[in-house]
Every structure is written in C-alpha cells, then in structure tokens.
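Each remark here refers to the structure printed beneath this line.
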Amino acid sequence: MLYRILSVVLLTILIYSCSSKEEAALNVYNWSDYIDPAVVKDFEDKYQVKVIYDTFASNEELLAKLEGGAQGYDVIFPSDYMVEIMIEEDILANLDHTLLPHLSSIDSKFLNPPFDPGSKHSVAFTYGTSGIGYNTSEVAEEIDSWGAFWNPKYAGRILLLDDMREVFGLAFKYLGYSVNDTDPAHLEEAKQLLIQQKEFLLKYESSMNKDLLLNREALLSHFWAGDMYQVIDEDSVFAFTIPREGAVLFTDCMAIPKNAPHKELAHKFIDHILTPEVAGKVINEIWYAMPIPEALQYVDEEIRTDGNIFPPPEILDRCEFLTDLGDYNAVMDRAWSELKLK
Ligand code: SPD
C-alpha cells in the first residue's frame, strides 16, 4: 500500500515538474541574425525560462505560418506593413502597456506609427533601409544607383532579396515611382524591367546572401543595411550604399500573436529588449538602429555615427515605408509569381 501511495506521489511530482517546465518556455519567431544571443541568455537566467528560437526570411513567410494555424509563437517580429495586415486579420493580441515599463524609452516618433496608432499591437524594434552591398575589390566603380543590377559586367553574380515588396520596391524607385504604387501599368513596367534583370541575376535570395558574398560567388546583393554591415564586419572589402533613387525604409516590430500561450512572459521579453542597456547590446551585435535614444551610450561609435545605419534626414527623405496594399496585394502576388517563373 505504502509503495502504491509513494509511486502515485512520485508520478504526480514528475507530471507537475514536466508541465511546469513546459510553461517556462517562450517561443520567439524572428528574422535570422537579429538578436544578441547573450541578451536571450540573460533573459533565460533572469526569469528561469527557456527561450525557443525559430527564424523566418520574409514577412510573407511569417504571415503564411500564422495564417496556416501555427499555435505556439509568443513573440514575433513583423515589419510595419505586415503589422497593418495582421491587425486587419485579427492575428495580434492587444499589448498591455502596464507590463511594458520601458515603452517610455522609445523615441516618441515611433510610438504612434500610422500602421498601428498608439502602438496597441506592436512596439518598434529596429528601423533601417534596404540598399546595395558590394565587393569593392571586384566592383571598381562607386555604386550609387539600383541601375547596377542591370549592368552586364556583373552578370551571374547579383543577388536580389527573395522578397516581393522589396524587389518591386527597388524597381519602382529606379523607375521614379513610389514603393507603394498601385497603377497596374507601372507594375507591368516594373515586372518587364525585372524580367530583363534576370539575365544578370544569380538568384533571389534572403537567407544565404552573407555566405554567397563572403565566398565570392556574389559580387552585389540587394540587402538590408544591418545585415550588410555584419558582412563588412567580417570582411572590410565590402561596402554598402543606399541608392540615390531612394529605397524601402522599414520599422521592424515586436508583437504577440492572439493565440500566444505565454503572453505575460512575452511582455517581459519585449520589455527586456527595450531596456536601454540591453538594446545597446543588440545594436552592437546586429548593426541595426533601434529607436531608443538612451541605448546610444552603450553603442560602439563606428555604428552610432554611420549614416547608413542611423540614416540622417537627407537620406530618410528619399526613402519610403511600405504600406499594406489591401486588395492590390493579390495583383502584385500574381506579377511576382510570373516574374519568378520566367
Ligand atoms: N536579418 C534581419 C533582416 C530584417 C530586415 N527587415 C525587413 C524589412 C522588410 N521590409
């Protein structure tokens, strides 16, 4: 009898400890190379939890995953226009600002964005632009235009992001249109231009760009500034430029899906990232700007003074945020598929 009671007690303890271990996990879904692992480790130690980390390569991949019914994510990192789409689709939880004391660290310009007025569902994580990264030892000229992607000299060694809005965005900018243009004739013009470009394209790629540049397979890559600076940090032969025609400007955000299993812990994680000293470490690791002025005292001088990472007004003026295109998204999706199939 005693033996039986003891086994029941032991089994209960085992089940309880397993389930509480399960509760003490936070599932984060982010872009790759977009956090300082030490900051995640500090969070795990501080709250005695395990952070399970998964990555995606485009906003559309993130959306498809959540629309496909993915259940377990607690913190996700959509960009501006994708936050707008996710709010519209009722995917995001309301944030509890009382659980985010460091919201006050965010530059007020980022607290009331048009895609999420009042930061009700998302908080700004980083901002920056796309542009062109290139190998200065083999590309002798100074690159300052998207036109470089149509230069036959670089045929077969050019990467464009595998990202519909970014690719049409660059073609629109090159043609002198807005990145949010919704004129079907302009979309056709951009598509034809991009079809011509395929002759010089190595591939559409958003994940392996760093390796392909560093191993010299690619000479030029359409890339986001911070990622390109991670490459430059490894090999100073590379450079980055924001083309004179302008580029896509983005704010990447942190948000909590409505079906997140650990919402309170998710708020704690977001608040941890917003702490100025933590944000400073993140910036030093990922080479992206964060809108947290007090973090700058912890940021390396070469990063905080670089105009491609913290773009000054004259660069920002020629760049544009992507916005949700609503029903026109389906038209662009079709043009994107046609382009990819050519
Ligand atoms: N490695 C992190 C890349 C994050 C890029 N932000 C995406 C902006 C999309 N318009």
Side-chain angles (χ1 to χ4, degrees), residues 28-37 39-40 53-65 75-86 110 113-116 122-133 146 159-173 178-180 204-214 221-234 238 240 242-243 246-255 273 279 282-291 303 308-311 316 319-325 329 332 336:
V28 175
Y29 196 30
N30 193 358
W31 303 80
S32 56
D33 302 330
Y34 220 26
I35 201 81
D36 177 358
V39 156
V40 175
Y53 210 83
D54 194 6
T55 58
F56 57 86
S58 73
N59 279 297
E60 287 65 30
E61 183 184 342
L62 165 66
L63 179 66
K65 194 79 166 251
V75 182
I76 56 172
F77 288 70
S79 306
D80 33 48
Y81 73 98
M82 189 48 68
V83 169
E84 207 174 343
I85 293 175
M86 288 180 170
F110 287 79
F115 56 84
D116 181 17
S122 64
V123 297
F125 171 55
T126 53
Y127 65 97
T129 73
S130 47
I132 303 175
W146 293 115
L159 300 169
L160 298 195
L161 286 167
D162 190 3
D163 188 305
M164 174 181 86
R165 295 296 307 273
E166 290 281 355
V167 169
F168 279 115
L170 87 82
F172 283 147
K173 278 292 186 197
S178 159
V179 296
N180 298 305
Y204 291 115
E205 177 64 54
S206 299
S207 303
M208 298 299 294
N209 310 53
K210 288 175 194 152
D211 293 335
L212 292 166
L213 287 164
L214 288 165
S221 177
H222 175 210
F223 220 177
W224 295 293
D227 280 84
M228 195 57 216
Y229 274 86
Q230 293 171 26
V231 175
I232 297 169
D233 188 37
E234 275 195 47
F238 291 98
F240 178 78
I242 301 170
V248 168
L249 178 63
F250 64 83
T251 305
D252 287 341
C253 299
M254 296 183 277
I273 302 293
V282 173
I283 298 170
N284 285 332
E285 176 74 17
I286 68 175
W287 299 75
Y288 278 93
M290 289 176 73
I303 299 180
N308 284 329
I309 300 176
F310 286 87
L316 292 177
C319 297
E320 263 184 292
F321 284 107
L322 295 171
T323 58
D324 174 23
L325 302 178
N329 261 317
M332 193 177 275
W336 178 239

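First listed ligand is number 1; within each ligand, the first listed atom is number 1.
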*Polar atom proximity, Asn59 to ligand 1 (N or O, under 3.5 Å)*: no
_Atom indices of ligand 1 within 4.0 angstrom of Ser79 heavy atoms, with elements_ = 7 (C), 8 (C), 9 (C)
*Quick one: does Phe77 get within less than 4.0 Å of ligand 1, heavy atoms only?*
no
*Less than 4.0 Å between a side-chain N and a carboxylate O, is that true for Glu320 and Lys173?*
yes
*Could you tell me whether the side chain of Asp33 reaches within less than 4.5 Å of the side chain of Lys210, counting heavy atoms only?*
yes
_If you define the side chain from C-beta out and look only at heavy atoms, does anything of Asn308 sit under 4.5 Å from Met228?_
no
*With only distance considered, is Glu166 within less than 3.5 Å of ligand 1 through an N or O on each side?*
yes
*Have Ser79 and Asp252 got a donor and an acceptor in their side chains that come within less than 3.5 Å?*
yes
_Atoms in ligand 1 flagged as close to Trp224, the criterion being non-hydrogen separation under 4.0 Å_ = 3 (C), 5 (C), 7 (C), 8 (C), 9 (C)
*Have Ser58 and Asp163 got a donor and an acceptor in their side chains that come within less than 3.5 Å?*
no
*Does the side chain of Arg165 reach to within under 4.5 Å of the side chain of Leu325, using non-hydrogen atoms?*
yes
*Backbone, side chain, both or neither: what part of Ser32 comes under 4.0 angstrom of ligand 1, heavy atoms only?*
backbone
_Looking only at distances, can you tell me whether any N or O atom of Asp33, backbone or side chain, sits closer than 3.5 Å to an N or O atom of ligand 1?_
no
*Sub-4.0 Å atoms of ligand 1 with respect to non-hydrogen atoms of Asp227*: 1 (N), 2 (C), 3 (C)
*So which heavy atom on His222 is nearest to which on Leu161, and how close?*
ND1-N, 3.1 Å
*Considering only non-hydrogen protein atoms, determine which one is nearest to atom 6 (N) of ligand 1 and report residue, atom name and distance to 0.1 Å.*
Asp252 OD2, 2.6 Å
